[in-house]
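Working notes, beginning with the structure itself.
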Amino acid sequence: MPRQSRKNLTGEFFHLIVQGINKERIFESDKMKETYKSLLRKNLKDTKINILAYCVMNNHVHILVHSAEKEQISIFMRKVNTGYAKLYNSLNVRVGYVFRDRYYIQMIKNYTHLFRCIVYIHNNPVKAGLVNAFSQYKYSSYNEYIENKDLITEDGIKKIFGEKENYKELFNSIHKLTNIEDISDIKEKDSYSEIINTYIKKYNTTAERIIQNEELFGNLLIKLRHECGLSLRDMAKIFKINKDKINKILHKVL
């Protein structure tokens, strides 16, 4: 199990979705899928962006990126999509918009969300019935984690798995789960014990006494919720306290 910082990921990791206008199949041929990938590769140069996962489907693309500078993502995507739109219109002797809006962007909040997003992206062609297994689809990043790197880099992998050399073990395990909701059990819900133990050492106390101190306990709950993505139900199970009481304490300290 890789151990890395449990900080809130909001503002660094983003799930991007690009879709053809009117849901048109603008990436239908293998050649056009490769063209979009080449534009991603070309425009990554001289940016502070890491692509962490991607999947080019027939009418849309999923891209998971890391960047500490959100404005760089906008510049990067504008170059990629403008380049593709010009080429697509030229090849098809057409004018007008190629993409539905610029792109959709969603912030990744924590590691549970991050892992779910990676699996969700790689599962797109399986869910669509195009292939039976992640590894059979040529236009996603799944095989880059297993074999040859292309858009996925070692630096990008470290953003997810830290310095862990055998990251493939965790990568494979999250993709074997039949229920994406279970991904949280692999990492995030394992990390809460680290945070609790840190509090115990910091205040030279016990978990029982922390619970009795409403302000201290409330701050701990906030940290667990933000950094581990734990729900009220999760925290109620951990501390063996009614979730309504957990909710009341959170409201008092927020």
Side-chain angles (χ1 to χ4, degrees), residues 11-108 114 116-145 147-153 155-157 159:
E12 296 182 21
F13 294 79
F14 302 88
H15 178 198
L16 315 176
I17 302 175
V18 177
Q19 189 175 55
I21 191 166
N22 298 321
K23 298 184 179 180
E24 292 178 12
R25 297 161 70 90
I26 60 172
F27 307 106
E28 189 167 17
S29 71
D30 289 352
K31 179 180 178 181
M32 297 313 287
K33 290 183 177 73
E34 288 289 359
T35 296
Y36 196 81
K37 278 186 62 177
S38 69
L39 286 167
L40 290 173
R41 189 183 307 112
K42 173 185 175 182
N43 288 286
L44 270 178
K45 296 177 181 178
D46 302 320
T47 72
K48 296 180 181 179
I49 295 172
N50 292 113
I51 291 181
L52 307 179
Y54 68 86
C55 185
V56 186
M57 298 291 284
N58 289 334
N59 70 348
H60 69 283
V61 181
H62 290 275
I63 312 168
L64 176 64
V65 301
H66 170 272
S67 178
E69 301 176 19
K70 190 177 178 182
E71 61 273 15
Q72 288 230 358
I73 298 174
S74 178
I75 295 169
F76 171 68
M77 291 304 297
R78 183 171 66 247
K79 289 179 179 178
V80 171
N81 288 349
T82 298
Y84 187 84
K86 288 180 179 178
L87 180 61
Y88 183 84
N89 279 341
S90 176
L91 289 174
N92 291 279
V93 193
R94 69 186 291 276
V95 295
Y97 293 108
V98 173
F99 295 102
R100 178 185 178 185
D101 301 323
R102 292 188 311 157
Y103 56 89
Y104 169 79
I105 183 168
Q106 177 191 45
M107 281 188 181
I108 301 298
L114 182 67
R116 287 176 180 168
C117 187
I118 292 171
V119 178
Y120 175 80
I121 288 173
H122 292 158
N123 192 51
N124 257 243
V126 178
K127 186 177 180 181
L130 300 179
V131 293
N132 295 318
F134 303 116
S135 59
Q136 294 174 348
Y137 196 68
K138 296 191 297 182
Y139 304 104
S140 86
S141 52
Y142 179 83
N143 286 319
E144 292 193 34
Y145 280 90
E147 299 172 356
N148 299 324
K149 306 289 186 295
D150 183 9
L151 295 177
I152 306 300
T153 65
D155 186 49
I157 289 172
K159 298 294 183 186

Atom [atom1] in [X], atom [atom2] in [Y]: separation rounded to 0.5 Å?
{"X": "Asn50", "Y": "Leu151", "atom1": "CG", "atom2": "CG", "answer": "11.5 Å"}
{"X": "His122", "Y": "Lys127", "atom1": "NE2", "atom2": "NZ", "answer": "15.5 Å"}
{"X": "Thr153", "Y": "Glu144", "atom1": "OG1", "atom2": "CD", "answer": "9.5 Å"}
{"X": "Lys159", "Y": "Leu64", "atom1": "NZ", "atom2": "CG", "answer": "13.0 Å"}
{"X": "Tyr137", "Y": "Asn132", "atom1": "OH", "atom2": "CG", "answer": "14.0 Å"}
{"X": "Phe13", "Y": "Cys117", "atom1": "CZ", "atom2": "SG", "answer": "11.0 Å"}

So do the side chains of [X] and [Y] get within less than 4.5 Å of each other, counting heavy atoms only?
{"X": "Ile73", "Y": "Leu16", "answer": "yes"}
{"X": "Val56", "Y": "Met32", "answer": "no"}
{"X": "Ile105", "Y": "Lys70", "answer": "yes"}
{"X": "His66", "Y": "Phe14", "answer": "no"}
{"X": "Ser74", "Y": "Tyr103", "answer": "yes"}
{"X": "Asp150", "Y": "Asn148", "answer": "no"}

Phe99 vs Ile21, side-chain contact (heavy atoms from CB on, under 4.5 Å): CA-CA, chis, key distance, verdict
CA-CA 5 Å; Phe99 295 102; Ile21 191 166; 6.0 Å; no
Could you check, using the six-membered ring where one of them is a Trp, whether His60 and Phe27 have ring centers closer than 6.0 angstrom?
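Not under 6.0 Å, so no.
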What's the shortest heavy-atom distance between [X] and [Y], and which atoms?
{"X": "Leu52", "Y": "Ser141", "value": "O-OG, 4.4 Å"}
{"X": "Asn143", "Y": "Ser135", "value": "ND2-O, 2.9 Å"}
{"X": "Tyr88", "Y": "Ile26", "value": "CE1-O, 3.6 Å"}
{"X": "Met77", "Y": "Val18", "value": "CE-CG2, 3.5 Å"}
{"X": "Met57", "Y": "Ala128", "value": "CE-CB, 3.8 Å"}
{"X": "Ile51", "Y": "Leu44", "value": "CD1-CD1, 3.7 Å"}

Counting only N and O atoms by type, is there a donor-acceptor contact under 3.5 Å from the side chain of [X] to the main-chain atoms of [Y]?
{"X": "Arg94", "Y": "Tyr97", "value": "yes"}
{"X": "Ser90", "Y": "Leu87", "value": "no"}
{"X": "Gln72", "Y": "Lys48", "value": "yes"}

Does one side chain, of Asn59 or Arg25, offer a donor that lies under 3.5 Å from an acceptor on the other?
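Arg25 and Asn59 do not have a side-chain donor-acceptor pair below 3.5 Å.
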Under a 3.5 Å threshold, yes or no: a donor from one side chain and an acceptor from the other, between Lys37 and Tyr54?
yes
Listed by chain and number, what are the salt bridge (Lys or Arg N to Asp or Glu O under 4.0 Å) partners of Arg78, not counting sequence neighbours?
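Once residues adjacent in sequence are excluded, Arg78 has no partner under the salt bridge (Lys or Arg N to Asp or Glu O under 4.0 Å) criterion.
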Measure the acute angle between the ring planes of His15 and Tyr120, then classify it against the limits of 30° and 60° as parallel, tilted or perpendicular.
perpendicular
Which of these, Thr47, Asn43, Leu40, sits in a side chain to side chain contact (heavy atoms under 4.5 Å, CB included) with Lys79?
Asn43
I would like to know whether Asn124 and His62 meet side-chain contact (heavy atoms from CB on, under 4.5 Å); could you show each step before the answer?
CA-CA 9 Å; Asn124 257 243; His62 290 275; 3.1 Å; yes
For Lys86, look at atom NZ and say whether over 12 heavy atoms of other residues, nucleotides or ligands are found less than 6.0 Å away.
no
For a side chain to side chain donor-acceptor pair (under 3.5 Å) with Asn58, tell me which candidate from Glu24, Glu28, Lys33 qualifies.
Lys33
Full working for ring-ring contact (aromatic ring centres under 6.0 Å, His included) between Tyr36 and Tyr139:
CA-CA 10 Å; Tyr36 196 81; Tyr139 304 104; over 10 Å; no
